[in-house]
Amino acid sequence: ILGFLFLKEKVLNLHKLLIFISFTGLCIAYSDRSFSIMDDDLIGMTSALMAAVIYALTVIIFKSRVTHFNQIEMIFYQNLAGGILFLPLFLIGFPVMTSSDFVLSSTYAIVGGLGVFYLFFLGLKYLKAYLASAIMYLEVVSAVVLGYLILGEVITPRMMIGGSMIIISSFLLNQSK
């Protein structure tokens, strides 16, 4: 939606349908969860919705700048801004950080902050913003599968149906670009 509004990207009707199917798959995957304004669900869902809107805005910003900077420069500026923004939280939490916490967070910063975003900016250079965002629905499927494999979480039939819808629509989006 934001790519169409801000970047004037033309969105094919087929792509609109496939993005809708992906979003529907996301809703189905999480439809068996209870929801109440009395517990943490409201905070969690509101935070996730705000994160999605902020993510969409960052995709638009990055897409509009990707022709002016290479991937390494984009990663540098993104991590510089994130470092400045989160420095107070790091300093507050640093006294309780163990050496294993430091190694884990440093590994995450290198893999997530450099590797993943290098690939993201590379893809963003060649894809329209709405396609890049739609393909990111695969992140949900990956999180569910990794939660099952690493944490022993249960995959429900609705998660399988929703995940299948996300995978199929992402595949078709990629094939029809």
Side-chain angles (χ1 to χ4, degrees), residues 1-3 11-12 14-36 39-60 62-63 66 71 74-75 78-79 82 86 97-98 100-177:
I1 294 172
L2 297 179
V11 182
L12 302 174
L14 173 63
H15 291 180
K16 291 176 188 174
L17 174 65
L18 291 171
I19 291 169
F20 177 74
I21 290 171
S22 261
F23 181 74
T24 303
L26 179 68
C27 293
I28 289 171
Y30 289 102
S31 65
D32 56 354
R33 291 190 42 92
S34 64
F35 182 77
S36 168
D39 58 19
D40 292 339
D41 287 338
L42 181 62
I43 294 170
M45 295 294 196
T46 304
S47 298
L49 182 60
M50 289 174 48
V53 170
I54 292 169
Y55 170 75
L57 289 171
T58 61
V59 168
I60 297 304
F62 292 144
K63 180 65 180 174
V66 78
Q71 291 90 327
M74 296 282 282
I75 293 168
Q78 175 191 336
N79 287 336
F86 289 107
M97 183 180 275
T98 65
S100 63
D101 290 339
F102 184 77
V103 170
L104 182 63
S105 61
S106 297
T107 302
Y108 177 77
I110 291 168
V111 172
L114 299 177
V116 171
F117 279 102
Y118 178 83
L119 295 172
F120 173 72
F121 290 130
L122 180 65
L124 200 56
K125 184 183 267 186
Y126 298 103
L127 293 174
K128 292 183 178 183
Y130 77 90
L131 280 174
S133 294
I135 291 172
M136 291 304 291
Y137 278 117
L138 291 172
E139 184 177 329
V140 173
V141 176
S142 300
V144 168
V145 170
L146 289 172
Y148 171 77
L149 294 174
I150 296 171
L151 303 174
E153 293 180 355
V154 176
I155 297 178
T156 66
R158 289 183 187 178
M159 286 179 175
M160 286 189 257
I161 292 168
S164 298
M165 292 171 69
I166 292 169
I167 291 169
I168 291 168
S169 59
S170 293
F171 174 77
L172 293 174
L173 267 169
N174 192 42
Q175 296 301 310
S176 66
K177 63 179 177 161

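Quick note: numbers below take in every heavy atom, side chains included, and nothing from hydrogens, waters or symmetry partners.
- Of all heavy-atom pairs between T24 and M165, the closest is CG2-CE, 3.8 Å.
- Taking CG of L18 as the start and NE2 of H15 as the end, the distance is 6.5 Å to the nearest 0.5 Å.
- Nearest approach of L173 to I19, heavy atoms of both residues: CD1-CG1, 4.0 Å.
- By the neighbour-count criterion of 12 heavy atoms within 6.0 Å, atom CZ of F120 is densely surrounded, having more than that number from other residues, nucleotides or ligands.
- The aromatic rings of F117 and F121 sit tilted relative to each other, their planes meeting at an angle between 30° and 60°.
- Considering all non-hydrogen atoms of both residues, V59 and A129 come closest at CG1-CB, 3.8 Å.
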### Task
Begin with the C-alpha distance, continue with both residues' side-chain angles, and end with the deciding distance and a verdict on side-chain contact (heavy atoms from CB on, under 4.5 Å) for I21 and I168.
CA-CA 9 Å; I21 290 171; I168 291 168; over 6 Å; no
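- The CG atom of L114 sits 10.0 Å away from atom CD of Q78, with the distance rounded to the nearest 0.5 Å.
- When every heavy atom of R158 is checked against every heavy atom of I28, the shortest pair comes out as CB-O, 3.4 Å.
- If you take CZ on F62 and CG on L124, they are separated by 8.5 Å, rounding to the nearest 0.5 Å.
- Rounding to the nearest 0.5 angstrom, the gap separating the CE atom in M159 from the CD atom in E153 is 7.5 Å.
- Atom OG of residue S22 and atom CG of residue L172 lie 9.5 Å apart, to the nearest 0.5 angstrom.
- L127 and K63 get closest at one heavy-atom pair: O-NZ, 2.6 Å.
- For the atom pair CD1 (I166) and CE (M136), the distance works out to 12.0 Å, reported to the nearest 0.5 Å.
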